[in-house]
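Quick note: numbers below take in every heavy atom, side chains included, and nothing from hydrogens, waters or symmetry partners. Here is the naming used below: chain letters follow the sequence lines, and residue numbers restart at 1 for every chain. Here the structure is a predicted model, which means the values were calculated and not measured.
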Amino acid sequence: MQRIGVFVCHCGTNIAATVDVAKVAEMALNEQGVVHAEDYQYMCSEAGQAKIQAAIKEKNLTGIVVCSCSPRMHETTFREAAERAGLNPYMVEIANIREHCSWIHKDVEEATKKAVILMRAAVAKVNLNAPLKPGESRVTKRALVIGGGIAGIQTALDIADAGYKVDIVEKTPSIGGRMSQLDKTFPTLDCSACILTPKMVEVNKHENVTIYTYSEVEKVSGFVGDFTVDIRKKARSVDMDKCTGCGVCQEKCPSKKTLSEFNRGLNTRSAIYTPFAQAIPNVPVIDRDSCMKFQTGKCGVCSKVCQAGAIDYEQQDEIITEKYGAIVVATGFDMIKLDNYDEYAYSQSPDVITSLELERVMNAAGPTKGHLERLSDGKAPKEMVFIQCVGSRCSDDRGKSYCSKICCMYTAKHAMLIRDKYPDVNVTVFYIDVRTPGKNFDEFYRRAVEDYGVNYIKGQVGKVIPQPDGKLLVRGVDLIDNKQILKEADMVVLAAAIEPNPDVRKIATMLTASIDTNNFLTEAHAKLRPVESPTAGIFLSGVCQGPKDIPETVSQAGAAAVKAIGLLAKDKLMTNPCTAHSDELMCNGCSQCANVCPYGAISYEVKEINDHGVRETRRVAVVNNALCQGCGACTVTCPSGAMDLQGFSNRQILAEVDAICR
Amino acid sequence: MSTLNNQTEQVKEISGVNPLKCMKCGKCSASCPSFNEMDIKPHQFVSYVQNEDIEALVNSKSLWKCLSCFACVERCPRDVKPGKLIDAARQIVIRQKGQDYLSPNEIPELLDPEIPQQLLVSAFRRYRR
């Protein structure tokens, strides 16, 4: 027989304004096994926890129920408090009367009724709880960083500096990411490559860092502290050890018609290529889809000109299997496709470009060698129009609901740089709001207006109409003057919304990390755990979690590294004792549980079983407790009722249901 | 006041538009081919409905200058669609006059070479029961 204490929290007015907490405590005393009940303003506070501990000791409680917020919030708090008072932490149950009750109801009487029912269910469960003891699992002292942009580079560097091994997996042939494509960075206007490439070199040279470029994560298994990851190292067709990076193969390659991904398709590259001059590693790859040797069998020029004999047409993809304690996702972003924005004539005119394309145009290593010119005829523009919020802040299905956050600042940067370098070019920016929260950000934007004479117009552009003479007729509105504006422009730049890298869905599924409707990875707590995924051992770095600029990305990358280091520094982790186990007398070896198990924790054994005096050899399910995460999928699938979950047994769940229906 | 309120509710109901969704970007006014003819501009339709001043909309020139081309409806990023609001205000007037019915037989005599084709299609779409 259990001796149960029930503790009802007011949560200030969060619960008490909608639920009669005193009544819930009073009703608790009528429940089986309840010997103590009380309510208090903040149960999670020091004083609240002291009340729980005092009651456990004075009344010899064997189990407690806390009626409060979601167990995601404070289950650990109350379990630890109970443990300090000598109670097994798994004898603590939470009745969620905040998220599941007071926050979603208005009527006090009805809400109180529901709170009482939730309390009853929890009490019914505690009556059947048994003390559980967590096991231990080891921690592999190695981290994996998925994505080699500035976020991934910074996270890897910070983890490596703390003395742990880190592997970076980067999909493209070089690390560097989006930042390597940028020309200058706001608000200081330092050259992006000048501040990024030293970091790329540093991470490449670091003795604790291994970089896998042109590689993708293929499979992830295991759990926090002990992940096993398969990495597909795509065939580069170039031997990384032999190649000297001389670049002759790229010069001589006769197939030069593929659009350059690095230059956003504004010019072409050879089939054997490094994305950019400062690429790390400085070893080209052969893009087999555009290589004549691979497509027709004829060519082989690169092999002939390579003095080092590094070209290897026979190279195969390689699978590397490695164990990791922590995984950091740093998959970054891309710009949205503008196919649905015909009104801006993006697909009709080469002189309508995105901001990232303008970065390449402005960059000395870009397709125009840094000269601002129209991509259609190479002429210098005289009138430039920037359009903000293209696809951001949309509630229709063409764009994204969120603010992309970086566009206001980079547009001010572009406008300022153009006015500085080409004072005869008029720059007009159509904006809805100018959003510049950040250190020295608003000052930066004001400089563009006051010192550089950029013409900011509050209003949007409705249509861009390409003219027969090659000009672009821009029809916009000035909402302050309440006038429609017709402007002939030479170039139009669209601040297209950013979105998470599309591959992140696949990666999140492999990691069982949750993702929101916009494909941003969800953090464990929006305010208090912003760099952790709810899935233990998975951390978030950079734009994969939400739009952010470079300084913010770098800070978050450091924060993710600290969290990963905190995990790697532990020698052992406590494992969740709420795992499944199979009753071998009832198991008929049907394999249905193994088929639904997302963690591969169930295997089969053929063993001799003594079934009530009858000795038989049977095939039965066996759960690996280290792999089992206690999701319960097997218990509901098992047709014979052999599978059960410790701490959430079928009996306990049914007792809860009975209590609710009583 | 109550009639005004009523009219605001009517406009919201007929149009199916929630004016609170507007973020005041002005893309509607930037798209409108009749902008220069209008006394109340497309982006202002929304605030007039928000301020429950349907009377002003009903008495405006804009009511009859809108071509129902739906460029604003098509391009509004926030699903506010000012064209639908002015359309709803127009319908209130027309309903008051009991002219909310159009049969195909009546169309030939209403034809005017100056009328844009869209207007006919749009009118027929709206006034056919």
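- Residue contact with chain A, scored on non-hydrogen atoms closer than 4.5 Å, involves the side chain of B/Lys41 exclusively.
- At a 4.5 Å heavy-atom cutoff, the contact between B/Glu74 and chain A is made by backbone atoms alone.
- Of the candidates B/Ser31, B/Cys32, B/Ser29, A/Val477 forms a side-chain contact (heavy atoms from CB on, under 4.5 Å) with just one, namely B/Ser29.
- Contact of B/Cys72 with chain A is not made at all, since no heavy-atom distance falls under 4.5 Å.
- With respect to chain B, the highest number of heavy-atom pairs below 4.5 Å among A/Cys389, A/Ser401, A/Cys394, A/Gly459 belongs to A/Cys394.
- Looking at A/Lys483 and B/Asn36, their side chains never come closer than 4.5 Å, going by heavy atoms from C-beta outward.
- Formation of a donor-acceptor pair under 3.5 Å by the B/Arg75 side chain with backbone atoms of A/Gly462 is found in this model.
- A donor-acceptor distance shorter than 3.5 angstrom exists from the side chain of B/Arg78 to the backbone of A/Arg393, with no hydrogens or angles considered.
- With rounding to the nearest 0.5 angstrom, the CD atom of A/Gln460 is 11.0 Å from the SG atom of B/Cys76.
- Remark: A/Lys548 NZ is packed, more than 12 non-hydrogen atoms of other residues, nucleotides or ligands lying under 6.0 Å away.
- Shown here for B/Lys24 and A/Leu479, the closest heavy-atom pair between the two residues is O-CD1, 3.6 Å.
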Chi angles and distances behind the side-chain contact (heavy atoms from CB on, under 4.5 Å) call for A/Ile432, B/Met23: CA-CA 8 Å; A/Ile432 305 174; B/Met23 64 169 167; 3.8 Å; yes
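- Sparse packing is recorded around NZ of A/Lys337, with 12 or fewer heavy atoms of other residues, nucleotides or ligands lying under 6.0 Å away.
- To the nearest 0.5 Å, atoms CZ (B/Phe35) and CG (A/Asn482) are separated by 5.0 Å.
- Of the atoms belonging to A/Arg398, it is side-chain heavy atoms, and not backbone ones, that fall under 4.5 Å from chain B.
- The environment of A/Glu450 atom CD is dense: over 12 non-hydrogen atoms of other residues, nucleotides or ligands sit within 6.0 angstrom.
- Here the side chains of B/Lys21 and A/Ser395 are in contact, with some heavy-atom distance below 4.5 Å.
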